[in-house]
Engineer: 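To start, I am sharing the structure in question, which I have written as structure tokens.
The chains referred to below are lettered A, B, ... by the order of the sequence lines, with proteins before strands, and numbering in each begins at 1.
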There are 2 protein chains.
Amino acid sequence: MADKREHILVAAEDLFAEKGFDGTSVRDIAQQAGVNLAMISYYFGSKEKLLESLLEFRAGYAYGILEELNKDESLSPWDKIDRLVDFYVDRILNNLRFHNIMYQESSTRSVEIRNKAKDIKLRNLEQISKIITDGQQKGLFRQVDIPLTVGTIMGTISSYTLSKFYTCAILALNEDVNDEQYRQRLSPRLKAHLRQLLRAHLDIRNDGLPMTEDRKGL
Amino acid sequence: MADKREHILVAAEDLFAEKGFDGTSVRDIAQQAGVNLAMISYYFGSKEKLLESLLEFRAGYAYGILEELNKDESLSPWDKIDRLVDFYVDRILNNLRFHNIMYQESSTRSVEIRNKAKDIKLRNLEQISKIITDGQQKGLFRQVDIPLTVGTIMGTISSYTLSKFYTCAILALNEDVNDEQYRQRLSPRLKAHLRQLLRAHLDIRNDGLPMTEDRKGL
DNA sequence: GTTTAATTCAAACGTTTGTTTAATTTTGTG
DNA sequence: CACAAAATTAAACAAACGTTTGAATTAAAC
């Protein structure tokens, strides 16, 4: 039973991410999961409740990782930022499906779903906040807008995972490249960019720079 | 005639952005536009072609602004970055509707639509690239990954415009705040964050920093 | 004013949608 | 084995979907 339920969740995850929630029919899901159409109502009640269950099903994972990362006292705040970047790039690239649902699809749905998505994001934000404030207390990081900084990380990755056509053009890749190659080209570039970006953004030494014109000529 | 066509486009823009492409019926659009259902097929051929026309209808605007900004020789590269941030934050916040379609919705549609969206983004990227390379040639900006930097700008804004529930929680706003207040709270914060972020990210003086551990003691 | 073309409309088209039904099979328990 | 509960099924449901039709109306051209 738990087996079938999970089959349905995985199938739904793939299809929702590929064709959107409205673009996916419960018949598509049933077929991909290899179960009868009626099983979806039987297990989940409705298509919307299926999406809700899907959010719960996947939500715990990222939080667990972030919690562990926070507890690890052998890592400096800078190390943690690097790990954070690696984790999110890898995770989003390998779970494009779920991430698309979580970060775009769920915002146009029922109140229950929007609230669930909100709570998951807030819980994750909480963990990342701890990493940054820790770096600030240790005198390594400067004062930044933490929630927006998190938005920058997620948003940068999303902007390159949401539309393969555009990304392929940027990477000078053929549009029908296989997913594995696609990830292998995009991943290091995203990580390098985010690391460079966050180092400059967070470094305490870059604080208060009155900025430029110290190089008047042209 | 051009009048009705435009009415339909505007109605479609609002509804697509609010409920997604699949979530919006042509009947919804016809009603909101105050035209007969059949007029949509009459003018546009199909619902997908309507989306295509919508992209064309709105695409030119941003490009024109960016082109002008580039030509203006009275502005320093830093000024241009500031203007760029202001422009995109304002534009996206005031055209949430269109932006959502352009940057998320169109990626799951037909080849024609995905290509059209891609071309529009590439043309805009081209203009922003000029601003940054100009700053580099003038010795103000360091070497950065330009396309990903543009992705960071767009992505940061998107991550806070795609889900109002989450954003309201961050801004400590009531969820049913009116759109005007919502914008007025979000806009300055986004602008300040992006300006701070890009100053650190682009500043030539922040280049090559071997980073931290120059402050060993905790 | 007549004729031709462009526009608008209500109605209906055939599909597809999410969900329910009621009968059947499988499973677990005493 | 028997019996009750759970799981599974094919079929049917009404509702909504995008699109087409063909007649009615308006506008333009001569």
Engineer: Would one find a side-chain N or O of B:Ser25 under 4.0 angstrom from OP1 or OP2 of D:dA16?
Structural biologist: no
Engineer: Round to the nearest Å and state the distance from A:Ile29 atom CD1 to C:dT19 atom C1'.
Structural biologist: 13 Å
Engineer: Would you write the dot-bracket representation of DNA chain C, where each base gets (, ), [, ], | or . depending on whether it forms a Watson-Crick or G-U pair under 3.5 Å and with which partner?
Structural biologist: |||||||||||||||||.|||||||||.||
Engineer: Within the distance-only criterion (no hydrogens, no angle test), does the side chain of A:Asn115 pair as donor or acceptor with the backbone N or O of A:Glu112 below 3.5 angstrom?
Structural biologist: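 Side chain of A:Asn115 to backbone of A:Glu112: no pair is present.
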Engineer: Is there a side-chain contact between A:Lys47 and the phosphate of C:dT17, meaning an N or O under 4.0 Å from OP1 or OP2?
Structural biologist: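 No, outside the criterion.
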Engineer: Rounded to the nearest Å, what distance is computed from the CZ atom of residue A:Arg27 to the C1' atom of nucleotide C:dT20?
Structural biologist: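 Rounded to the whole Å, the gap is 12 Å.
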Engineer: Whether the side chain of B:Lys164 engages the backbone of B:Asp179 through a donor-acceptor N/O pair (distance < 3.5 Å, no angle test) should be reported.
Structural biologist: no
Engineer: Would you confirm whether A:Ser163, through its side chain, and B:Ser107, through its main-chain N or O, come within 3.5 Å as a donor-acceptor pair?
Structural biologist: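 Not a single qualifying donor-acceptor pair exists.
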Engineer: Under the 3.5 angstrom rule, does the side chain of B:Thr167 hit a backbone N or O of B:Tyr160 as a donor-acceptor pair?
Structural biologist: yes
Engineer: State whether the number of non-hydrogen atoms from other residues, nucleotides or ligands found under 6.0 Å of B:Lys191 atom NZ is greater than 12.
Structural biologist: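 More than 12 heavy atoms, drawn from other residues, nucleotides or ligands, come within 6.0 Å of this atom.
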Engineer: Provide, to the nearest angstrom, the distance between the CD atom belonging to B:Gln31 and the P atom belonging to D:dG18.
Structural biologist: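 My rounded result for the distance is 14 Å.
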Engineer: Taking any heavy-atom pair under 4.0 Å as a contact, classify B:Ile40: base, sugar-phosphate, or nothing.
Structural biologist: nothing
Engineer: How many Å lie between OH on B:Tyr43 and P on C:dC9, as a whole number?
Structural biologist: 10 Å
Engineer: Would you classify B:Ser41 as touching base, sugar-phosphate or nothing, given that sugar-phosphate means primed atoms plus P, OP1 and OP2, and contacts are heavy atoms under 4.0 Å?
Structural biologist: base
Engineer: Would you kindly give the NE2-to-C1' distance between B:His7 and C:dT7, to the nearest whole Å?
Structural biologist: 16 Å
Engineer: What is the distance from OH of B:Tyr42 to C1' of C:dA6, rounded to the nearest Å?
Structural biologist: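 Rounded to whole Å, this separation is 5 Å.
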Engineer: In this structure, how many angstroms lie between the P atom of D:dC17 and the CG atom of B:Leu37, rounded?
Structural biologist: 10 Å
Engineer: Nearest-Å distance, CE (B:Met39) to P (D:dT26)?
Structural biologist: 14 Å
Engineer: If you pin B:Ala38 and A:Asp28 to their nearest nucleotides in DNA chain C, which one's is more 5'?
Structural biologist: B:Ala38
Engineer: Are any side-chain N or O atoms of A:Arg114 and backbone N or O atoms of A:Arg109, one a donor and one an acceptor, separated by less than 3.5 Å?
Structural biologist: yes
Engineer: Among C:dC9, C:dT7, D:dC17, which is the nearest nucleotide to the side chain of B:Asn36?
Structural biologist: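 Per side-chain heavy atoms of B:Asn36, the pick is C:dC9.
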Engineer: Do A:Arg83 and A:Asp72 meet the salt-bridge criterion of a basic N to acidic O distance under 4.0 Å?
Structural biologist: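 Not counted as a salt bridge, because no side-chain N and carboxylate O are separated by less than 4.0 Å.
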